[in-house]
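Here the structure comes first, spelled out in structure tokens, and everything after it is commentary.
Only this structure's heavy atoms are used, side chains among them; waters, hydrogens and symmetry mates stay out.
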Amino acid sequence: STSDLISVLNRARSKAIIEKRVIQVNLNSYDSNTETTLNWYPSGSSTLVKSTTTTIYFGANGFSQKSTTDKDPTAELNFVVCNGPLSSATISRRISLSYLGSISDSGAIGGCSAS
């Protein structure tokens, strides 16, 4: 799930730059992708337990922005993906997205905490 999330974020950022338009990513969404929207949902029993937002926007410059029309950069966005429900997960990964659009992965960390 974490690799899929990183892939979707990278694909959305690239698409925004190449097509010179805002691309939206919806987290925890089963909806079909469109020309301007990509969706991601954790696979298997994985769970997105913490997110600073459920919608991410990439502008034509590849930067993360507040909305489709508000081009102000977002603060760093953080996500925690666990290998199961919060109550029983044993491994999690923290993904961070900077306002410049760069993605960092903490790697596997023990336990699963929503903090």
Side-chain angles (χ1 to χ4, degrees):
S1 284
T2 304
S3 295
D4 289 344
L5 174 56
I6 291 170
S7 176
V8 167
L9 294 174
N10 280 324
R11 189 172 57 218
R13 183 172 187 259
S14 296
K15 186 174 175 67
I17 294 167
I18 290 167
E19 296 178 5
K20 299 192 182 325
R21 63 175 163 178
V22 175
I23 300 296
Q24 176 178 324
V25 176
N26 296 319
L27 303 178
N28 281 337
S29 174
Y30 281 118
D31 292 342
S32 297
N33 293 336
T34 67
E35 286 295 312
T36 59
T37 304
L38 300 177
N39 297 283
W40 174 83
Y41 197 86
S43 61
S45 62
S46 296
T47 307
L48 179 68
V49 295
K50 179 182 184 257
S51 175
T52 49
T53 185
T54 56
T55 305
I56 302 161
Y57 302 91
F58 288 99
N61 58 5
F63 292 8
S64 174
Q65 60 185 54
K66 292 185 177 178
S67 72
T68 302
T69 56
D70 186 348
K71 296 184 184 339
D72 287 339
T74 61
E76 182 174 281
L77 302 174
N78 295 291
F79 314 96
V80 175
V81 180
C82 298
N83 68 341
L86 181 58
S87 60
S88 62
T90 57
I91 299 172
S92 64
R93 292 178 85 105
R94 180 170 286 114
I95 306 299
S96 297
L97 173 66
S98 77
Y99 78 92
L100 295 173
S102 65
I103 300 165
S104 61
D105 179 355
S106 67
I109 52 179
C112 190
S113 171
S115 59

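Across all non-hydrogen atoms, the minimal contact from Ala108 to Ile91 is CB-CG2, 3.8 Å. In terms of heavy atoms, Thr53 sits closest to Thr55 at OG1-O, 3.0 Å.
Interatomic distance, Lys66 NZ to Thr69 OG1, rounded to the nearest 0.5 Å: 11.5 Å. For the atom pair Ser1 OG and Ile6 CD1, the distance stands at 11.0 Å (nearest 0.5 Å). Note that OG of Ser3 and CZ of Arg93 are 6.5 Å apart. Values are rounded to the nearest 0.5 Å. A distance of 6.5 Å separates CG of Leu38 from CD1 of Ile23, quoted to the nearest 0.5 Å. Distance NZ/Lys20 to CG/Asn61: 10.0 Å, rounded to 0.5 Å. The structure places CG of Leu97 at 6.0 Å from CG of Leu9, a figure rounded to the nearest 0.5 Å.
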For this session: Starting from the C-alpha separation in whole Å, work towards a yes-or-no answer on side-chain hydrogen bond (donor to acceptor under 3.5 Å, both in side chains) for Asn26 and Asn39.
Result: CA-CA 5 Å; Asn26 296 319; Asn39 297 283; 3.1 Å; yes
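Counting heavy atoms from C-beta outward, Ile109 and Ser92 have side chains that approach closer than 4.5 Å. Using a 4.5 Å heavy-atom threshold, the side chains of Thr36 and Thr68 count as separate.
Looking at residues two or more places apart in sequence or on another chain, you find a side chain to side chain donor-acceptor pair (under 3.5 Å) between Thr90 and Asn83. For Arg11, the salt bridge (charged side-chain N to carboxylate O under 4.0 Å, His left out) criterion is met by no residue, not counting sequence neighbours. Shown here are the salt bridge (charged side-chain N to carboxylate O under 4.0 Å, His left out) partners of Asp70, two or more places apart in sequence or in another chain: there are none. In this view, Glu19 and Lys15, Arg21 satisfy the salt bridge (charged side-chain N to carboxylate O under 4.0 Å, His left out) rule, not counting sequence neighbours.
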Under 3.5 Å, which donor-acceptor pairs do the side chains of residues 73-81 form with other protein atoms, sequence neighbours left out?
from, atom 1, to, atom 2, distance (Å)
Thr74, OG1, Ser64, OG, 2.7
Asn78, OD1, Ser96, OG, 2.7

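Residue pairs that meet the ring-ring contact (aromatic ring centres under 6.0 Å, His included) test with at least one member in residues 22-68, sequence neighbours left out, are Tyr30-Tyr41.
Of the possible polar contacts, one joining the Ser98 side chain to the Leu100 backbone as a donor-acceptor pair under 3.5 Å is found.
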